[in-house]
Amino acid sequence: MSDATEPWLIVGLGNPGPEYAGNRHNVGFMVADLLAERIGGKFKRAQKAQAQVMEGRMGPPGPANRRVILAKPMSYMNLSGGPVTALRDFYKVPTDHVVAIHDELDIDYGALRLKLGGGDNGHNGLKSMTKAMGADYHRVRFGIGRPPGRMQVADFVLKDFSSTERKELAYLVDRAADSVECLLAEGLERAQSAYNS
C-alpha cells in the first residue's frame, strides 16, 4: 500500500478543443477544471507528456493535506493512457494514487460511483489507461445514462448535455469534485458511503 506522503495524480478524461468542451464525454475535464479553481491554480502544458497539468495541495491542513497533480490529457480520449502513464512515472505516483474522473453510460445521469480497479466497461479512455499501466487505479464514475432510442453510443457521448441536464450540471460537477476531495482526505470507503448513489 502507498505511503500517505506520496502524491496523487487526478486525471479528468475528455477530448481537447472547444468543439468538445460541453460534451458528455468531457465531464472529467469539467470536474478537473473545478478542482483546479478550488486549489487556486491554472493548467499549463506539461513538459513531459501530452497533457495540461497543475500542481497544488488538496484537503484540510494537517495529515490529510495531499500533494496533487491535476491533469487533462490532450491526446484525445482513446489515447489517454500514454500521457497519464508518462505523468505517473515523471511524478513518481503509485498507480493506486491515480484517480480517473470519467463519464459512465451504465449509471443514471448525475449518479456517482467511486471504485478502485475493475474493468473498462467499453470506455475507451479507461481501456487505454488500463492497457498502459494496469487496472489498479481509482475511478470516479459520473453517470450520463444510456442514449435514447436507437442513438449510437458514440453520437451520444459526443453530444452536449441537454438543456434539462444542464440545469443540474454545475451542482453535479461540484458534488463529483467533493467526492475526489473526500477520497484523498478520508479514503475510498468513506467516499463511497458518502457519494455512491
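- Scored by the side chain to side chain contact (heavy atoms under 4.5 Å, CB included) test, Pro61 finds no partners at all (sequence neighbours excluded).
- Contact of the Lys48 side chain with the Val53 side chain is not registered, since no non-hydrogen atoms from C-beta on lie closer than 4.5 Å.
- At most 12 heavy atoms of other shown residues, nucleotides or ligands fall within 6.0 angstrom of atom CD in Glu189.
- For the atom pair OG1 (Thr95) and CE (Met133), the distance works out to 5.5 Å, reported to the nearest 0.5 Å.
- Looking at heavy atoms from C-beta onward, Pro147 lies in side-chain contact with Leu105 at the 4.5 angstrom threshold.
- In this structure the side chain of Phe161 never reaches within 4.5 angstrom of the side chain of Lys167, judged on heavy atoms.
- The cationic group of Arg175 does not satisfy the cation-pi geometry with Tyr171, failing either the under 6.0 Å distance to the six-membered ring centre or the 45° limit from the ring axis.
- Interatomic distance, CE of Met129 versus CG of Leu79, reported as 13.5 Å (0.5 Å rounding).
- Residues Val173 and Val11 do not share a hydrophobic cluster, defined by chaining ILVMFWY side chains whose heavy atoms lie under 4.5 Å apart.
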- Residue pair Phe90, Gln47: steps toward the side-chain contact (heavy atoms from CB on, under 4.5 Å) verdict: CA-CA 10 Å; Phe90 178 71; Gln47 300 298 314; over 6 Å; no
- Task: Dump the intermediate steps for side-chain contact (heavy atoms from CB on, under 4.5 Å) on Val68 and Glu55, then the final yes or no.
- Result: CA-CA 6 Å; Val68 296; Glu55 294 179 61; over 6 Å; no
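- In terms of the salt bridge (charged side-chain N to carboxylate O under 4.0 Å, His left out) criterion, Arg88 has no residue partners (sequence neighbours excluded).
- Separation of atoms CZ (Arg113) and OG (Ser197) is listed at 6.5 Å; rounding is to 0.5 Å.
- Follow the hydrophobic side-chain contacts under 4.5 Å out from Val140 and you reach Met58 in the same cluster.
- Side chains of His102 and Arg139 form a contact here, defined as non-hydrogen atoms less than 4.5 Å apart.
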- Task: Kindly determine whether Met54 and Ile69 satisfy side-chain contact (heavy atoms from CB on, under 4.5 Å), including the steps that lead there.
- Result: CA-CA 6 Å; Met54 195 208 103; Ile69 298 96; over 6 Å; no
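- Using a 4.5 Å cut-off between side-chain heavy atoms of Ile, Leu, Val, Met, Phe, Trp and Tyr, with links allowed through other members, Met151 and Ile107 fall into different hydrophobic clusters.
- With rounding to the nearest 0.5 angstrom, the NZ atom of Lys92 is 16.0 Å from the NE2 atom of His97.
- Under the 4.5 Å side-chain criterion, counting only non-hydrogen atoms from C-beta, Ile10 is in contact with Leu184.
- Within the 4.5 Å cutoff, no side-chain heavy atoms of Leu13 are placed close to those of Ile101.
- Arg66 and Glu6 are not joined by a salt bridge, as no carboxylate oxygen comes within less than 4.0 angstrom of a charged side-chain nitrogen.
- The CG atom of Leu87 lies 11.0 Å from the CD atom of Gln50; values are rounded to the nearest 0.5 Å.
- At a threshold of 4.5 Å between side-chain heavy atoms, the hydrophobic network of Ile, Leu, Val, Met, Phe, Trp and Tyr places Tyr137 and Leu116 in two separate groups.
- Taking the side chain as every heavy atom from C-beta outward, Leu9 and Val99 never approach each other to under 4.5 Å.
- His123 is linked by a side-chain hydrogen bond (donor to acceptor under 3.5 Å, both in side chains) to Asp103, counting only residues two or more places apart in sequence or in another chain.
- Taking Glu37 as the reference, nothing meets the salt bridge (charged side-chain N to carboxylate O under 4.0 Å, His left out) condition, with sequence neighbours excluded.
- Contact record, Gly145 with Phe156: O-CE2, 3.2 Å, taken as the closest heavy-atom pair.
- Here Phe43 pairs with nothing under the ring-ring contact (aromatic ring centres under 6.0 Å, His included) rule; sequence neighbours left out.
- For Leu172, the side chain to side chain contact (heavy atoms under 4.5 Å, CB included) test picks out Tyr109, Phe142, Glu168, with sequence neighbours left out.
- By the 4.5 Å heavy-atom criterion applied to side chains, Leu169 and Met30 are counted as neighbours.
- Under the 4.5 Å side-chain contact rule for hydrophobic residues, Val98 and Leu70 do not share a cluster.
- With salt bridges taken as basic N to acidic carboxylate O contacts below 4.0 Å, none links Asp160 and Arg24.
- Residues forming a side-chain hydrogen bond (donor to acceptor under 3.5 Å, both in side chains) with Asp106 (at least two apart in sequence, or on another chain): Asn121, Arg146.
- Within a 6.0 Å radius of CG in Asn196, more than 12 heavy atoms belonging to other residues, nucleotides or ligands are found.
- If you take CZ on Arg141 and CG on Leu114, they are separated by 9.5 Å, rounding to the nearest 0.5 Å.
- Counting heavy atoms of neighbouring residues, nucleotides and ligands inside a 6.0 Å radius, atom NZ of Lys131 does not exceed 12 of them.
- Side-chain atoms of Ser193 come within 3.5 Å of backbone N or O of Arg190 as a donor-acceptor pair.
- Residues passing the side-chain hydrogen bond (donor to acceptor under 3.5 Å, both in side chains) test with Thr85, sequence neighbours excluded: none.
- Residues Asn65 and Arg57 bring a donor and an acceptor atom of their side chains to less than 3.5 Å of each other.
- Judged as a side-chain hydrogen bond (donor to acceptor under 3.5 Å, both in side chains), not a single pair has a partner in residues 74-83 (not counting sequence neighbours).
- Grouped with Phe29 in one hydrophobic cluster are Met74, the linkage being side-chain heavy-atom contacts under 4.5 Å among Ile, Leu, Val, Met, Phe, Trp and Tyr residues.
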- Could you go step by step and tell me if His138 and Leu188 meet the side-chain contact (heavy atoms from CB on, under 4.5 Å) rule? CA-CA 9 Å; His138 287 85; Leu188 180 61; 4.0 Å; yes
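- Under the rule for a salt bridge (charged side-chain N to carboxylate O under 4.0 Å, His left out), the partners of Asp174 that lie at least two apart in sequence or sit in another chain are Arg38.
- Considering only residues two or more places apart in sequence or on other chains, Asn124 meets the side-chain hydrogen bond (donor to acceptor under 3.5 Å, both in side chains) condition with none of them.
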